[in-house]
Novice: 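Next up is a structure, given as structure tokens.
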Amino acid sequence: MKISYMDGFKFAIENQGIEVITDQRPPAGGGEGFEPVEFLGAALGGCVAVYAVDFLRRNELPLEGFAVDVEWTGALHPKRIGAFDLKVRLPGGLTDRQRKSLGRIVKACTVHSTLEHPPEIQVELVENAG
């Protein structure tokens with residue numbers, strides 16, 4: 001994955017031939033893409049959605065109306081997301097056992113697990129030659 005500066009606070013994020021834009025909301029930026037923190041919420045919600053849909057498909061349950069809503073609240077010292085609130089909107093017809101299984105499965109998605117068990121992060125500053 002590569003993040004390249006465009007202008008203002010806008011960056012192109014490229015990975016495997018797909019490009020998305022990240023930007024800040026006005027007045028800091030142009031509002032032409034998700035803010036970086038919004039990608040974190042999208043990653044969590046998208047991962048939960050994939051695991052949930054896989055479960056629903058494997059159990060031949062309907063997908064009509066399925067959605068994941070993601071909200072978060074901030075925290076300070078240090079500035080960060082303090083809490084995520086996800087609502088997995090399910091079609092009807094799940095048994096109590098299926099709902100419990102699905103609850104365990106979505107909490108096992110890779111992004112959810114990563115946020116609960118934070119990885120080490122290393123940042124190296126490298127100057128371009130020339």
Side-chain angles (χ1 to χ4, degrees):
M1 181 179 299
K2 182 177 182 179
I3 294 93
S4 301
Y5 178 72
M6 296 175 78
D7 62 51
F9 289 103
K10 184 168 63 173
F11 298 84
I13 303 170
E14 189 276 325
N15 189 49
Q16 299 182 20
I18 299 170
E19 184 177 281
V20 295
I21 302 297
T22 183
D23 198 358
Q24 295 294 308
R25 298 283 182 261
E32 294 183 41
F34 281 2
E35 291 184 0
V37 72
E38 292 170 326
F39 279 111
L40 186 57
L44 177 58
C47 189
V48 163
V50 166
Y51 277 60
V53 165
D54 181 58
F55 174 88
L56 294 171
R57 284 182 176 167
R58 282 187 287 110
N59 287 278
E60 299 179 355
L61 294 164
L63 293 169
E64 186 175 321
F66 175 84
V68 177
D69 299 335
V70 181
E71 295 183 4
W72 59 85
T73 55
L76 298 174
H77 310 296
K79 187 175 179 180
R80 66 195 182 284
I81 293 175
F84 281 105
D85 180 25
L86 279 73
K87 289 185 177 43
V88 180
R89 301 197 178 277
L90 300 169
L94 275 72
T95 65
D96 286 341
R97 184 176 179 189
Q98 288 170 325
R99 290 176 67 84
K100 286 179 185 176
S101 292
L102 181 55
R104 283 191 307 274
I105 287 168
V106 298
K107 289 178 182 175
C109 92
T110 305
V111 177
H112 189 284
S113 295
T114 300
L115 292 171
E116 286 199 329
H117 306 279
E120 291 182 29
I121 300 173
Q122 297 178 18
V123 177
E124 179 181 359
L125 303 177
V126 181
E127 291 188 26
N128 291 329

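These figures come from a predicted structure and were not determined experimentally.
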Novice: Search all heavy atoms of Tyr51 against all heavy atoms of Ala108 and return the closest pair with its distance.
Specialist: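 Scanning both residues completely, I find the closest heavy atoms to be CE2-O, 3.8 Å.
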Novice: List the atom of Val48, the atom of Cys109, and the distance in Å for their closest heavy-atom pair.
Specialist: N-SG, 3.8 Å
Novice: With heavy-atom distances below 4.5 Å as the criterion, would you say the side chains of Val106 and Val68 are in contact?
Specialist: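 When only atoms from C-beta onward are counted, Val68 and Val106 do not touch, as no gap falls below 4.5 Å.
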Novice: To the nearest 0.5 Å, tell me how far Lys2 NZ sits from Ile13 CD1.
Specialist: 13.5 Å
Novice: Using a 3.5 Å distance criterion without hydrogens, assess whether the side chain of Asp69 forms a donor-acceptor pair with backbone atoms of Leu86.
Specialist: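 No; zero donor-acceptor contacts below 3.5 Å.
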Novice: Say you draw a straight line from NE2 of His112 to NE2 of His117; how long is it, rounded to the nearest 0.5 Å?
Specialist: 9.0 Å
Novice: State plainly whether one hydrophobic cluster holds both Ile105 and Leu115, where clusters connect Ile, Leu, Val, Met, Phe, Trp and Tyr through side-chain heavy atoms under 4.5 angstrom apart.
Specialist: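 Shared cluster, yes.
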Novice: Side chain of Asp54, backbone of Val50: donor and acceptor closer than 3.5 Å?
Specialist: no
Novice: Report the distance from atom CZ of Arg58 to atom CD of Glu60, rounding to the nearest 0.5 Å.
Specialist: 11.5 Å
Novice: Keeping Asp85 on the side-chain end and Glu71 on the backbone end, is there a donor-acceptor pair under 3.5 Å?
Specialist: no
Novice: Would you kindly confirm whether Leu44 and Phe39 end up in one hydrophobic cluster when ILVMFWY residues are joined by side chain heavy atoms under 4.5 Å apart?
Specialist: no
Novice: Between Val70 and Phe34, is there shared hydrophobic-cluster membership here, with clusters defined by ILVMFWY side-chain heavy atoms closer than 4.5 Å?
Specialist: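 No, because Val70 and Phe34 fall into different hydrophobic clusters, even though each may have its own neighbours under 4.5 Å.
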Novice: Should Val37 and Phe11 be regarded as members of a common hydrophobic cluster, given that ILVMFWY residues are connected when their side-chain heavy atoms come within less than 4.5 Å of each other, either directly or indirectly?
Specialist: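 No.
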Novice: Before accepting this row, confirm whether a basic side-chain N of the pair Asp96/Lys100 lies closer than 4.0 Å to the acidic partner's carboxylate O.
Specialist: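 The answer is no: the pair does not qualify as a salt bridge.
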Novice: At their closest point, which heavy atom of Thr114 faces which heavy atom of Pro119, and how far apart are they?
Specialist: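 It is CG2-CD, 3.7 Å.
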Novice: Any salt bridge linking Glu32 with Lys10? Criterion: basic side-chain nitrogen under 4.0 Å from a carboxylate oxygen.
Specialist: yes
Novice: If we ignore hydrogens and angles and just use 3.5 Å, is the side chain of Arg80 paired with the main-chain N or O of Pro78 as donor and acceptor?
Specialist: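 Present.
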Novice: State, yes or no, whether a side-chain contact exists between Met6 and Ile21 at a heavy-atom distance under 4.5 Å.
Specialist: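 Of all side-chain heavy-atom pairs linking Ile21 with Met6, at least one is under 4.5 Å.
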Novice: Is it possible for you to say whether Val20 and Tyr5 belong to one hydrophobic cluster, with membership spreading through side-chain heavy-atom contacts below 4.5 Å?
Specialist: yes
Novice: Please name the pair of heavy atoms, one in Val111 and one in Cys47, separated by the smallest distance, quoted to 0.1 Å.
Specialist: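 For Val111 and Cys47, the tightest heavy-atom pair comes out as N-SG, 3.5 Å.
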Novice: Give a yes or no on this: more than 12 heavy atoms of other residues, nucleotides or ligands lie within 6.0 Å of atom CZ of Phe66.
Specialist: yes
Novice: Quick check: does any side chain N or O of Gln98 sit under 3.5 Å from a backbone N or O of Ser101, one acting as donor and the other as acceptor?
Specialist: no
Novice: Please report the closest heavy-atom contact between Gly41 and Phe84, naming both atoms and the distance.
Specialist: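 In this case the closest contact between Gly41 and Phe84 is CA-CE2, 3.7 Å.
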Novice: Test side-chain contact (heavy atoms from CB on, under 4.5 Å) on Val53 and Leu63 and set out the steps.
Specialist: CA-CA 7 Å; Val53 165; Leu63 293 169; 4.1 Å; yes
Novice: Can you name the closest pair of heavy atoms from Ala52 and Leu102 and give their distance?
Specialist: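 Between these two residues, the closest heavy atoms are CA-CD1, 3.6 Å.
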Novice: Just by distance, do the side chain of Glu35 and the backbone of Arg25 share a donor-acceptor pair under 3.5 Å?
Specialist: yes
Novice: For residues Lys87 and Arg89, determine if any side-chain heavy atom of one lies less than 4.5 Å from a side-chain heavy atom of the other.
Specialist: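 Yes, at least one pair of side-chain atoms sits under 4.5 Å.
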Novice: How long is the gap from CD1 on Ile81 to CD on Glu38, to the nearest 0.5 Å?
Specialist: 9.5 Å
Novice: Check whether any side-chain heavy atom of Leu61 lies under 4.5 Å from a side-chain heavy atom of Phe55, and answer yes or no.
Specialist: yes
Novice: Any side-chain to backbone donor/acceptor pair from Glu116 onto Ser113? Under 3.5 Å, distance only.
Specialist: no
